[in-house]
Amino acid sequence: MALSGEPGTRFGILGPLEVAVGDRPVHVGGPRPQAVLATLLLHNGQTVSTGRLVDLVWEDAPPSSVRGQVAAAISALRGALRKAGGDPALIETVAGGYRVPRTLALDALTVEQGLAAARREAAGGRPGQAAAMFRAMLKLWRGPVLGGITSSALLNAAGRWEELRLAALEECVELELDLGHHRELTGELRSFVGEHPLRERARAQLMLSLSRSGRQADALAVYDEGRRLMVDELGLEPGPRLREVHNMILLEDPVTREPEREVADVRPSQLPPAAFAFTGRQAELEEMDGLLDSGDDAVRVSVVSGVGGIGKTALAMAWAHRRAERFPDGQLFADLSGFTRGSRPAAPESVLDGFLRALGVPGRRIPQSLAERTALYRSMLVGRRLLVVLDNAHSADQVRPLLPGSGTCRVIVTSRKRLGGLVVQEGARPLTLEVLPPADARLLLRRIAGRRRVEDDADGEELSTLAELCDRLPLALRIAAAKLAVGSAWSLGELTGSLRAERHRLNELRQDEEQLRNTFELSYLDLPQTARLAFRRIGLLQGVRDLAPWTLAALLHTSLRGAEELCEELANAQMLQPARRDASGQRRYTMHDLVRLFAIERAEAEESREQRAEALTRAIGGLLALAEHARGHEYPRHDLMILRGTAPRHHLEPPPQLDADPMAWLDAERATVVAFVTQAARLGWAGLAWELAATPVYLYEMSGYFDDWRTVVDAALAACGETGDRRGEAAMLLSRGEIHNQRRQFTEAETTLAAATRIFEEVGDEYGLALTRRYDVVTRGYRGDHEGAVAELWKAVAVFERVGDTTAEAVTLGSIAYHHTTVGRPDQAEGPLVRALAHPLGRRTKALLTKRLADTYHELGKNLEAVEAGRLALRLTREQRDQIGEAWVLLSLGEALADVDGPLGRETLASSVAGADRLGDLLLAGRAHLALARLGGEDANEHLDLAITAFRRLGAQPWLEKALNLT
C-alpha cells in the first residue's frame, strides 16, 4: 500500500521495524529512533505527546535530557527519510507532540484491510478466494512484531498484531477445511497446536483434519492431550467447541468424515430454453434493455406483468438469452409457483437454498433462517455481474428476499400481479404486457402452424379472424396454431368457425395439458371472495368496451370507494386492465375478451339466474339514475321535457366527475349507454331500454351523435314492440322522428311522428302528444305552414303549463317566436320570448331562447340588442360544448353583426358555414350562405347558388323562395 504523493515510501512493523523508499531500505538509526518511529506507527494517525513517547520508549528510567533526546530522534528520522529520497514531512509536528498520516503505507494496515476483504469473500460464499487472501496476508508477517525492540510497553502494544495473526490463521484453516484440504493442513496444525497448546479452536481443527483423513484415533488422542493440559495448567475442562468435535468423532458424525471437495468459481447457468417461435415484442425488449444501463448502486429490477397467457415468461426468456453475454458471472432462474395448479407459492427460503447451492455453497454451510440466507446470498453476489430471473411471482414479499444487494446484478420478475410494492420500495421498472398487435399475432400463427396449413388464406383475412377470436393472446394463439400444426383434423376455416361461438370458445382453446381456462382459473382462485364476485359480475356486461368504478358499485351494491378498490385489486391481478382516464377524469378499465368469457362461465356456474338478473338490473338502472342526475344539471328538474316510465332506478353515489362536469361525464359514458340499452333490449327489459335511450337525447342533439342515437332508439323500439310496451314504442317513435328532423329528413319525420301520435292517442298520454306536436310542427314550418304550426304549438303550451313542465313550455314559446319572426311578425315574437325567459331554465334552454331573441331583435332593427343577445347565447353554447347550438348561434350573431360591423359579420357567418359543413347540417349551411349572399361582394353569387342547392335538396320551400328572390 503506497502513500499518495509518496508512492515509494513503505513502513513495516510485522517483524523487525522496516522502512523503505522504493527498493532502497532506510537505516533509521539506533534503538531510540527506532522505538520512537515504532510508537508513532502503532498510533497510526493519532497524535502522540512527548510525554507519552517518553513513557513508552524510555519506560521507568528517562534521563533529564529526555525531551531533547526525543527531538533528536525525530530529527534523525526525518534526516534518514530525506537522505533516502523520502519525504521527511511524513513525520509531522503538531501541538503537543508528533504523528504520522493515517494514510501511511504500513504493512499492518495492509493486513487489516486485506483480512477484512477476505472475510467479505468468505461471507459471500467464496471460500477458495477468501482462503487465498488470508494466506497472502499471513505471508506479510516477517517474524515477531517489532522484533529487536526491547521496550516492554511497546511490545505489549504490538501484541494485538500477534493475536490478529493467530486468529487469521485459524479463520483461514476453517475455510480450507471446508474446501477439503484436511490432509494438507495436518502438519501445519500440529506445529500450530504445539506452539499454542491452549488455543482450543486450533486443536479442534487439528482433530477434524485428522478425523477426515481417516485418523480418528489420533484425533481423539489430540483431544485427550489437550484436556490434560487444560486441567493441569488452568484447572478447566475443555470448552464447548472442543467437546462438540470430540463427541462428533465418537458418534461418527458425517462432518468428521472426508467431505466432497468444493467446486470453485461456480458460474450458474439456469435459464430454461427460450420459447419456440417467439414473435414481436420489440418495443418491450428495447425497454428491458434499460436494465443494462449502469445507473447507480441500486439493483435494477424489471417487473413484467400481465394476464395469464400474455407471454410474460416468453418475453423474459427471450431477453435473458439475447443478453446472457452481459452477465458473465451467470444466470439464476426460479419458478416461484405463484400461479401453478396444485402448488403453493414457493417459499423464499427454499428458493435461496437452491440459489446458494447453485453458487457453490455446501449444504452444511447454508444457514437455517431466511434472514441469514438472504444475507449470505447478497454477500456472494457483491461485485458479480449476474442475472436473476424470478418467474411466476405471487407477491412483492415473496420476491424481496431474493433480490441481490449489488448494483452489478439485474433482476427480471414476472407475475400476473403488478407488484406495485416493488415499484414503490425497490424502484422496479413496471412493464405491463398487452395482447400482440394484429400483424405479430398473424405471424405467430403462421410460424407455429406452418405456412402450408394457411397457404389457402392468401389475403390473410381468415388468419386475422382467427387471431381476433384468440384475442391476440399469445397462449391462445399458440394453442390454436398447434391444433392446425399437429394434423389434418382442423382446417383454418373449420377452426375459425368453431371458435366463433363464444359459449364454446374456451373449450376449443386447449391442446394436451395446455388449457386456457386453467390459466385464467389460477388467477381467479387466488382472488379474495369479494374480488371473485366483482370479476364474475363484470362478465355479465355485454358490449361494454370499458367501465368506470360506478358500474361495479351498481353490480355489487357497494360504495363507489369500495368499487374503486376492487377495480384496482382486479387490475393488480391482471383480470382487469387499466385502460385510460376518460374526458371527465374517471379511471376506466377493460377486460380481455377471453377473460370475459371465463368470467361469464364463472357467473353462470356460481350464481343463479335471479342473482345475475338482479345485478344487471342494478347496473342498467344505476346508469339511468345517474343519467337523470346529469340531466338535472341542465334542466331545473330531470323529468322536464322527457317522457318517463316505471323502469327500476338504482340510486348510486354520483361520481365526483359527474357533478363537476355533467356533460363531459355523460359523453364519457355514451358507449356504455349504447351497450346497456342494447343488452336491456335483448333481455326483453323494454322499460329500462327505452327510458335509458330517451334520457341522454339532449347530448345526442348537442354533439350530433346521430349514429348512437339511432342505435339505442332502434334497439329499444324493437324491444317495446316485442313486449307490447305501447307507450315506450311511442316514446321511441317520437325520438326517431326527432332524429329525422335533426337530419332534415322531413318526409320520414312526418311519417314517424304521425305513428307516435296515434299510439299516444291510443294510450291516452296527453303529455306525449304535446311533445310530439312540438316536433311535428317543424315539418309544417319547412312546408311554409307557419300559421298552422303556431296554432299547434299554442295547444302544446297549454298542456305543458298544466302539467308544470316549464322547460317544455319555454322551448315551445321559443318555437312560436321563431315562426312569427320567419313570416315577418317579429313584434309578435318578442312577447312569447320574454314570457319564456322568465322561467327558471337550464343553460342550453336559455341559450336557445336567447338566440331566438337575437333573431327577433335583428328583425325589429334593434341591432345592438341583437348583437348583445347573440354574444350571450354564444357564450352559453360554448360553456356546454354544444357544437350544433354554437353553429346556429353564429348564424344569428353574424346576421346581427353584419348590420353593425360588416367585416366582423362576414367572418362570423363564415364560421357558421364551417360549423354547418362539419356537422353536415344542410339547412344551417343554406341559411348561412344565404346571409353571406345578402352581404354582396364578389362571392355573393357563389354563396347564393350554394344556398339554393341546399334548400332544394331539403325541400325547404319557404327558404328556397327567399333565396330565389335574390336572383
Side-chain angles (χ1 to χ4, degrees), residues 537-548 550-552 554-555 582 588 590 596 612-631 638-639 641-652 658 662-663 665-740 742 752 756 759 768 771:
R537 292 284 170 84
I538 292 171
L540 299 176
L541 306 177
Q542 296 178 9
V544 177
R545 294 196 301 270
D546 52 35
L547 60 93
W550 68 261
T551 316
L552 192 55
L555 286 167
D582 60 33
R588 303 194 77 84
T590 188
R596 180 181 58 81
R612 301 197 302 271
E614 182 182 352
L616 263 180
T617 301
R618 277 199 308 270
I620 300 172
L623 179 55
L624 175 57
L626 291 176
E628 289 177 337
H629 184 82
R631 184 183 177 90
H638 63 72
D639 59 344
M641 246 176 73
I642 189 172
L643 286 163
R644 295 192 69 192
T646 59
R649 270 80 169 162
H650 180 67
H651 294 285
L652 296 163
L658 189 158
M663 284 298 295
W665 182 87
L666 194 58
D667 202 343
E669 296 296 348
R670 185 164 50 91
T672 309
V673 171
V674 173
F676 277 13
V677 169
T678 304
Q679 187 169 10
R682 189 179 298 118
L683 292 169
W685 300 346
L688 275 172
W690 76 257
E691 287 204 67
L692 183 54
T695 301
V697 161
Y698 69 103
L699 170 70
Y700 300 145
E701 289 179 332
M702 288 170 58
S703 302
Y705 294 137
F706 297 111
D707 289 344
D708 287 347
W709 192 356
R710 184 63 180 257
T711 298
V712 296
V713 165
D714 287 352
L717 183 60
C720 290
E722 291 173 2
T723 60
D725 187 338
R726 297 291 282 166
R727 186 165 182 268
E729 188 176 353
M732 290 299 94
L733 286 169
L734 169 59
S735 195
R736 182 184 281 180
E738 189 177 355
I739 296 172
H740 288 314
Q742 291 282 342
T752 304
I759 298 176
L771 288 174

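Predicted model, so just to flag it, every value in this text is computed and none were measured.
- Remark: R545 pairs with A671 by the side-chain contact (heavy atoms from CB on, under 4.5 Å) rule, at least two apart or across chains.
- From L717, atom CG reaches atom CZ of R710 across 9.5 Å, with rounding to the nearest 0.5 Å.
- For the atom pair CG of D582 and CG of D546, the computed distance is 8.0 Å after rounding to the nearest 0.5 Å.
- What you find for L626 and L658 is that their closest heavy atoms are O-CD1, 3.6 Å.
- By the side-chain contact (heavy atoms from CB on, under 4.5 Å) test, A731 pairs with L643, W690, sequence neighbours left out.
- At least one donor-acceptor pair closer than 3.5 Å links the side chain of Q679 to the backbone N or O of Q542.
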Problem - CA sep, side-chain torsions, deciding dist, call: L616, F676, side-chain contact (heavy atoms from CB on, under 4.5 Å) - result: CA-CA 9 Å; L616 263 180; F676 277 13; 5.9 Å; no
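- Between A681 and A716, the shortest heavy-atom distance links the atoms CB-N, 4.4 Å.
- Ring geometry for Y705 against Y700 counts as perpendicular: the plane angle is over 60°, on a 0 to 90° scale with 30° as the lower cut.
- Judged as a side-chain contact (heavy atoms from CB on, under 4.5 Å), and not counting sequence neighbours, the contacts of A615 are R537, L540, L555, R618.
- Within the 4.5 Å cutoff, the side chain of L688 has heavy atoms near those of the T617 side chain.
- Under the rule for a side chain to side chain donor-acceptor pair (under 3.5 Å), the partners of D708 that lie at least two apart in sequence or sit in another chain are R670.
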Exercise for the section: Give the intermediate values and the outcome of side-chain contact (heavy atoms from CB on, under 4.5 Å) for residues I538 and L552. Expected result: CA-CA 7 Å; I538 292 171; L552 192 55; 3.9 Å; yes
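- For A686, the side-chain contact (heavy atoms from CB on, under 4.5 Å) criterion is met by A719, C720, T723, D725, not counting sequence neighbours.
- Sequence neighbours left out, not one pair with a member in residues 671-683 passes salt bridge (Lys or Arg N to Asp or Glu O under 4.0 Å).
- H740 pairs by the ring pair (Phe, Tyr, Trp, His ring centres under 6.0 Å) definition with nothing, not counting sequence neighbours.
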Problem - Steps toward side-chain contact (heavy atoms from CB on, under 4.5 Å) verdict (L692, L623) - result: CA-CA 8 Å; L692 183 54; L623 179 55; 4.0 Å; yes
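- Counting heavy atoms from C-beta on, the side chains of I642 and R631 come closer than 4.5 Å.
- For residues 727-737, the pairs satisfying side-chain hydrogen bond (donor to acceptor under 3.5 Å, both in side chains) are W709-S735, D714-R736, R726-E729, R727-D765, with sequence neighbours left out.
- For Y698, there are no side chain to side chain donor-acceptor pair (under 3.5 Å) partners two or more places apart in sequence or in a different chain.
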Exercise for the section: Could you please spell out the steps behind the side-chain contact (heavy atoms from CB on, under 4.5 Å) verdict for M663 and L699? Expected result: CA-CA 7 Å; M663 284 298 295; L699 170 70; 3.4 Å; yes
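- In plain terms, the two heavy atoms of T678 and A715 that are nearest each other are CA-CB, 4.3 Å.
- Considering every non-hydrogen atom in both A730 and A756, the closest pair reads O-CB, 3.7 Å.
- In this view, E691 and R649 satisfy the side chain to side chain donor-acceptor pair (under 3.5 Å) rule, not counting sequence neighbours.
- Put simply, NE2 on H651 and CD on E628 are 7.5 Å apart, with the number rounded to the nearest 0.5 Å.
- In this structure, OG1 in T672 is found 11.5 Å from CD1 in I620, a value given to the nearest 0.5 Å.
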